[in-house]
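Just the heavy atoms: all of them, side chains too, but no hydrogens, waters or symmetry mates, feed the values below. Sequence positions, counted from 1, serve as the residue numbers for this chain.
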Amino acid sequence: MSQTVDRALSILPLLAQGPADLGQVAERLGVHKSTALRLLRTLHEHGLVYRQQDQRYRLGARLFALAQEAVENLDVREIAHPHLVALNEQIGHTIHLAVYEESEVLYIDKVESRYPVRMYSRIGKPVAITVAAVAKLLLADLPEAERRALAGKLDYPMYTSRSIPNHVAFLKELAVVREQGWATDLGGHEESINCIGAPIRGADGRVVAAMSVSAPNVVVTAEELLSLLPLVRRTADVISREYSGAAPSGDGPRTPSGNTPPKEAS
């Protein structure tokens, strides 16, 4: 039975490459045509494959419907939360999870620091969109036209001397974030708070959420926080794999060299 299931499932990635006839399916599976036909008929009955008029088979509409339904029912917060808790237990700092919705970046989860100094942030509260690391990650993944349009409409409050001052600088920062695959907020929102972040990706490689680790500089310096970036990125990758069911796309980790923090593009 397990061999039959394995053979049937092996047909799906084959047809994902394009329509194939009975002979091609049988050859790929290494079985007789009668066996391949039996498997194809079963998949056809469940709507997972479709036989065209030219007698070739392709993936069926039911497969796409199931995939879409599965995606719609995924809860990134539910999947991410245990990984955020585990990371918090390891490093002790505040961890946030955020998503982009209707031109706002919102916190949807938070794991508090174990240190006495706490951050004022709440689940459901909008993020300081022009400076926060999670916001940079989410906006950097938008299509270029949408990214530019949004940047042109935003206000750019100078929370600190390190805040991003205008849309030109913001777009430059987003381009850097998009290229390197991680983001920082080193005193851009509050002088005493530093933050590093990494993206969480769906099966299509697009960023569906972003996570960050934040800490006041009385607890840890910016350089010490940046040394945690590989661990943060690995956690984000684990969440991405669990969320999407596949390894996330994009380049491998590129972390700062030496002990010099990367400069903000503000």
Side-chain angles (χ1 to χ4, degrees), residues 67 69-101 104-115 117-129 132-141 177-178 180-186 189 193-216 219-220 222 224-256 262:
E69 185 177 355
V71 169
E72 290 174 354
N73 287 314
L74 283 175
D75 184 344
V76 68
R77 181 183 182 277
E78 181 179 353
I79 292 170
H81 185 74
H83 298 289
L84 304 184
V85 170
L87 180 61
N88 172 265
E89 290 173 351
Q90 186 173 357
I91 63 176
H93 305 307
T94 301
I95 302 177
H96 289 104
L97 182 70
V99 296
Y100 177 67
E101 290 184 357
E104 285 189 324
V105 175
L106 305 172
Y107 290 127
I108 60 171
D109 201 3
K110 178 183 180 182
V111 185
E112 292 282 4
S113 168
R114 66 166 173 251
Y115 297 100
V117 181
R118 299 294 178 90
M119 290 186 61
Y120 178 72
S121 56
R122 298 193 308 271
I123 295 174
K125 182 181 179 182
V127 173
I129 198 168
V134 288
K136 294 173 186 177
L137 288 160
L138 290 160
L139 300 188
D141 192 62
V177 169
R178 188 179 177 91
Q180 68 190 11
W182 48 271
T184 64
D185 169 17
L186 304 180
H189 189 217
I193 301 292
N194 296 310
C195 178
I196 56 175
I200 295 168
R201 300 180 184 273
D204 60 357
R206 298 298 303 275
V207 176
V208 297
M211 61 170 289
S212 65
V213 172
S214 303
V219 173
V220 62
E224 291 168 333
L225 188 65
L226 281 163
S227 71
L228 299 175
L229 184 58
L231 182 58
V232 175
R233 298 192 73 187
R234 284 197 295 271
T235 300
D237 283 347
V238 169
I239 297 169
S240 296
R241 287 195 294 271
E242 188 169 333
Y243 180 82
S244 66
S249 64
D251 296 333
R254 275 177 283 178
T255 54

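Annotation for G202 and V208: closest pair N-CG1, 3.9 Å, computed over non-hydrogen atoms. Taking both residues in full, the closest heavy atoms of Q90 and R114 are given as O-NH2, 4.3 Å, listed atom of the first, atom of the second, then distance. Between H93 and V219 the shortest heavy-atom distance is CE1-CG1, 4.0 Å. Considering all non-hydrogen atoms of both residues, I95 and M211 come closest at CG2-CE, 4.3 Å. The two residues A215 and L225 have their closest heavy-atom pair at CB-CD1, 4.3 Å. The shortest non-hydrogen separation linking V76 to Y243 is CB-CE1, 3.8 Å.
Checked by atom type and distance alone, the side chain of S212 never pairs as donor or acceptor with a backbone atom of G197 at under 3.5 Å. A distance-only check finds a donor-acceptor pair linking the side chain of R178 to the backbone of A140 [under 3.5 Å].
Note: C195 SG to H189 NE2 = 11.0 Å, rounded to the nearest 0.5 Å. Considering CD of Q180 and CG of L229, their distance stands at 8.5 Å, rounded to 0.5 Å.
A search for side-chain contact (heavy atoms from CB on, under 4.5 Å) contacts involving A198 returns V232, R233, A236, not counting sequence neighbours. With sequence neighbours excluded, the residues satisfying side-chain contact (heavy atoms from CB on, under 4.5 Å) with L106 are E101, E104, P126. When the side chain to side chain donor-acceptor pair (under 3.5 Å) test is applied to E224, the partners found at least two apart in sequence or on another chain are T221. For A183, the side-chain contact (heavy atoms from CB on, under 4.5 Å) partners at least two apart in sequence or on another chain are A133, K136, L137, V177.
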Between side-chain atoms of residues 78-87 and protein atoms elsewhere (two or more places apart, or another chain), which donor-acceptor pairs fall under 3.5 Å?
{"from": "H81", "atom 1": "ND1", "to": "D109", "atom 2": "OD2", "distance (Å)": "2.6"}
{"from": "H83", "atom 1": "NE2", "to": "E242", "atom 2": "OE1", "distance (Å)": "2.8"}

Take N194 and T184 through the side-chain contact (heavy atoms from CB on, under 4.5 Å) test and state the conclusion after the steps. CA-CA 8 Å; N194 296 310; T184 64; over 6 Å; no
Please step through side-chain contact (heavy atoms from CB on, under 4.5 Å) for the pair S244 and R201, ending with a clear verdict. CA-CA 7 Å; S244 66; R201 300 180 184 273; over 6 Å; no
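Test V207, L138, D141, V134 against Y100 for side-chain contact (heavy atoms from CB on, under 4.5 Å) and you get one pass: L138. Checking each of I196, T94, V220, T235 against V213 for a side-chain contact (heavy atoms from CB on, under 4.5 Å) leaves exactly one that passes, namely I196.
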